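Since the structure comes first, as structure tokens, the remarks are kept for the end.
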Amino acid sequence: MGPRTNLIFIMSDDHAAHAIGAYGSKINHTPQMDRIAAEGMRLDAVYCTNSVCSPSRATILTGTYSHVNGVSSIWTEIDYRVPTFVDVLAEHTDYQTAIFGKWHLGEDKASEPRNFDEWVVLPGQGDYIDPEMIDENGRRVVEGYATDIITDLAIDFIDRRDPERPFMMMVHHKAPHRPWIPDPKHADLYADGDIPEPATLFDDHATRSDAIKGVHMTLADDMGSEDLKQEVPGHLRGPENRAARVSWKYQIYMRDYLQTVQSIDDNIGRLLDHLDATHLAENTLVVYTSDQGFFLGDHGWFDKRLMFDESLQMPMLMRWPAEIAPQSTCEAIITNVDFAATFLDVCGLDATEVLPTQQGRSFRPLLRGESPDDWPDAAYYRYWEHDDPIHHAPGHYGVVTSEYKLIHYYGAGLGVPGASEKIYPGEWELYDRRADPAELTNVYDDPAYAAIRAGLEARLHELQKQYRDEPYRGETTPHPEWGPYDHELMARIEAYVAQINESS
Ligand SMILES: [Ca+2]
């Protein structure tokens with residue numbers, strides 16, 4: 001038996017696959033991320049199961065859906081009602097474990113990182129410049145740029161570890177999350193104002209549900225001076241200047257976003273070089289992903305939450321010379337629920353035995369180029385922040401296959417205190433992903449799709465049953481954190497919104 005495998009899991013925050021060279025980006029260059037793809041595998045259908053920060057992190061750690069682990073929104077902290085794969089590594093192996101960077105699963109003692117040998121994390125969303133960081137000894141300010149600092153901690157851990165034992169390290173970047181504050185050394189990149197616009201920047205949303213038409217995620221009207229770090233000039237204001245305003249905002253938004261991505265790319269290069277220098281590259285699985293995707297002006301939006309591809313897809317690049325062939329790709333449908341089982345498998349453990357609460361399946365055979373006959377052909381998705389008061393994204397669930405996507409919106413109006421679900425009857429969307437890869441035309445009511453629609457509705461219900469979730473049925477629907485209404489939580493959300501409105 002050879003030496004056991006090390007695992008380095010690098011995860012950024014809100015980095016969409018279409019801003020990575022290896023995924024065919026038309027807007028930027030990411031040579032170091034591309035190096036992972038060239039020397040390993042690019043996975044093309046990895047989906048998050050709830051497209052927001054904290055839920056994705058809880059899902060990755062526990063291998064469970066939000067309704068099982070209880071972290072269903074950015075307002076919820078992890079309460080460890082189910083164990084994590086890190087707990088299992090601590091219990092069953094001598095792996096050295098560490099996490100550096102963004103945690104975003106709570107700052108209370110009860111929800112801080114558990115069973116990591118070392119951890120240094122950002123509180124909450126964290127800052128880009130001179131961030132405060134928390135470890136077992138408390139809080140301190142660390143001078144510098146967050147992406148550099150987090151990578152420094154990772155490299156230092158590699159150098160200080162016990163070389164006789166394997167390690168599992170999570171490197172979680174704050175970038176490229178809002179408010180997109182670049183490292184000043186990247187200020188000249190993408191600054192000339194000609195970043196290509198996405199084909200759907202001016203999507204008119206004509207066939208979409210009312211719930212989707214109502215989301216507050218548009219560049220035109222919802223991206224404000226705080227995001228842009230400047231006021232919108234007078235000549236671009238008003239409905240008559242909408243198109244010019246969108247194009248102007250897009251350039252500023254993308255310049256800042258892509259500059260923060262560049263720092264991640266540089267730092268991935270540092271880490272890969274360090275693995276080469278320390279002769280660890282051959283026996284280390286390096287993963288690059290993001291907690292979910294992001295709308296980069298696609299459909300006229302920024303942010304995530306929705307089940308459209310730009311937000312649903314997690315980029316995922318993996319290099320592991322011992323098992324993964326260079327320049328390989330994988331099209332099988334995988335979700336972040338599958339990560340825990342896979343990582344345990346890589347570390348020599350069978351998740352069905354050591355982590356029976358998890359709901360995923362190891363995709364290690366796919367990394368070796370195998371194609372198991374019974375690999376799932378569909379993924380289940382559920383977004384729980386019912387009409388949150390900032391983005392007004394509706395609660396919804398759906399199913400995605402390689403050919404189709406079916407989405408049911410049910411929660412619009414529910415997040416607004418005092419509102420009733422009676423004001424919103426629910427809506428459906430169906431997209432033909434092969435005929436309409438940009439997901440521009442909702443064919444749910446098209447009679448030509450009646451049989452497909454029925455099949456997908458049945459599949460959706462099967463998946464809900466399989467994952468022990470329940471369909472929406474009005475006020476009595478269980479909710480992992482609210483119950484029907486949690487007035488304390490709603491008060492916290494209202495206070496936060498008031499604070500944002502004050503500061504903008
Ligand atoms: Ca995120």
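First listed ligand is number 1; within each ligand, the first listed atom is number 1. Nothing here was measured: the structure is a model prediction, and the numbers come from that model.
Judged purely by distance below 3.5 Å, without hydrogens or angles, the side chains of Tyr257 and Gln259 never pair a donor atom with an acceptor atom. In summary, the side chains of Glu197 and Tyr250 do not present any donor paired with an acceptor at a separation below 3.5 Å, with no hydrogens or angles considered. Checking Glu429 against Tyr409 by side-chain atom types alone, a donor-acceptor pair falls below 3.5 Å.
The Ca ion (ligand 1) has Asp13 OD1, Asp14 OD1, Cys53 SG, Asp291 OD1, Asp291 OD2, Gln292 OE1 as its protein N, O or S neighbours under 3.0 Å.
Remark: aromatic rings of Trp301 and His205 are close, center separation under 6.0 Å. Aromatic ring centres of Tyr23 and His18 lie farther apart than the 6.0 Å criterion allows. Phe308 and His299 have their aromatic ring centers within a separation under 6.0 angstrom.
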